[in-house]
Amino acid sequence: LGGGTLAQSGGTLNVGASGLTVGGLNQTAGTLAVTGALSLAIPVSLGGTLSSTGAMTLSGPVSLTSNATLSTSNQAINLTGSINSDANPRSLTVNAGTGNVTVSGSMGNTSALAGLSITGGQITQSGNVVLDTDGIFSLSNSGTSTMSGQLLGSGATLTKSGNGSL
């Protein structure tokens with residue numbers, strides 16, 4: 001695939017990351033499983049599960065078209081681009097296992113998220129998070145973590161679990 005849009009509408013698609021170049025990712029359902037590291041600096045439309053066995057970096061804008069999950073096999077997840085719901089509030093689960101998670105892009109700034117759950121070793125959240133009414137930001141960390149971005153939204157709450165400090 002040489003720069004076109006990778007589209008997936010269900011089931012499981014297994015991809016080896018070496019040599020994969022796409023101009024866009026449009027996933028409406030199912031699981032896109034990448035063997036190796038995954039780095040996307042392109043617009044991503046996400047409506048299912050995006051997983052990798054290596055580190056994951058999303059630096060382009062992400063639009064959630066359904067509740068979605070990002071996961072790695074105990075590898076880092078770096079979210080530097082903006083992440084927003086489509087016309088309806090959507091939840092995002094980010095699970096790096098014991099890998100570190102860095103969120104420097106804004107989340108829900110244009111269209112609020114219904115909820116956000118982040119699990120990782122050390123979690124660094126510097127981008128603002130905007131949640132829909134009574135949305136919950138759930139954070140589970142095993143390492144020392146920092147949260148310098150604002151949590152915004154009417155009735156939004158933060159719950160923290162795990163052995164790490166915040």
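This is a predicted model, so every value here is computed, not measured. What's counted below: heavy atoms across the whole structure, side chains too, no hydrogens, waters or symmetry copies. Count residues from 1 along the sequence.
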Linked, directly or transitively: Leu139 and Val130 (ILVMFWY side chains, under 4.5 Å): no
Nearest heavy atoms of Gln75 and Thr53, plus distance in Å: CG-O, 3.3 Å
Any donor-acceptor pair under 3.5 Å from Thr80 side chain to Asn78 backbone: no
Whether Asn163 side chain and Asn141 backbone form a donor-acceptor pair below 3.5 Å: no
For Ile77 against Leu70, the heavy-atom pair lying closest together: CD1-O, 4.0 Å
Spacing of OG belonging to Ser52 relative to CG belonging to Leu50, to within rounding of 0.5 Å: 7.0 Å
Note, Thr102 side chain near Gln125 side chain (heavy atom, < 4.5 Å): no
Short side-chain to backbone donor-acceptor contact, Thr31 and Ala33, under 3.5 Å: no
Distance in Å, Ser106 OG paired with Ile83 CD1, rounded so as to fall on 0.5 Å steps: 8.5 Å
Least distance between heavy atoms, Ser91 atom then Ala114 atom: OG-CB, 3.6 Å
Leu131 versus Ala112, closest heavy-atom pair with distance: C-CB, 3.8 Å
Residue pair Thr72 / Ala96: nearest heavy atoms and the distance that separates them: OG1-CA, 3.5 Å
From Ser59 atom OG to Ile42 atom CD1, the distance as rounded to the nearest 0.5 Å: 9.0 Å
Taking every non-hydrogen atom, the tightest pair across Gly120 and Val101: CA-CG2, 4.2 Å
Met107/Leu92 under side chain to side chain contact (heavy atoms under 4.5 Å, CB included): CA gap, chis, key distance, verdict: CA-CA 10 Å; Met107 295 184 140; Leu92 177 64; 3.8 Å; yes
Partner set under side chain to side chain contact (heavy atoms under 4.5 Å, CB included) for Asn88, not counting sequence neighbours: Asp86, Arg90
Counterpart residues, side chain to side chain contact (heavy atoms under 4.5 Å, CB included), relative to Thr93 (two or more places apart): Thr69, Ser117
Residue that, paired with Leu46, satisfies side-chain contact (heavy atoms from CB on, under 4.5 Å) out of Asn67, Leu64, Leu32, Leu58: Leu64
Joint hydrophobic cluster, Leu166 plus Ile118, side-chain heavy atoms closer than 4.5 Å: yes
Test item: Thr159 and Phe137 side chains (from C-beta on) under 4.5 Å apart, heavy atoms: no
Check: Thr57 side chain, Ser39 main-chain N or O, donor-acceptor pair, under 3.5 Å: no
Gap separating the CG atom of Leu38 from the CE atom of Met56, nearest 0.5 angstrom: 5.5 Å
Any donor-acceptor N/O pair, Asn84 side chain to Ser63 backbone, under 3.5 Å: no
Linked, directly or transitively: Leu151 and Val103 (ILVMFWY side chains, under 4.5 Å): yes
Spatial distance of atom OG (Ser104) from atom CG (Asn128) [nearest 0.5 Å]: 11.5 Å
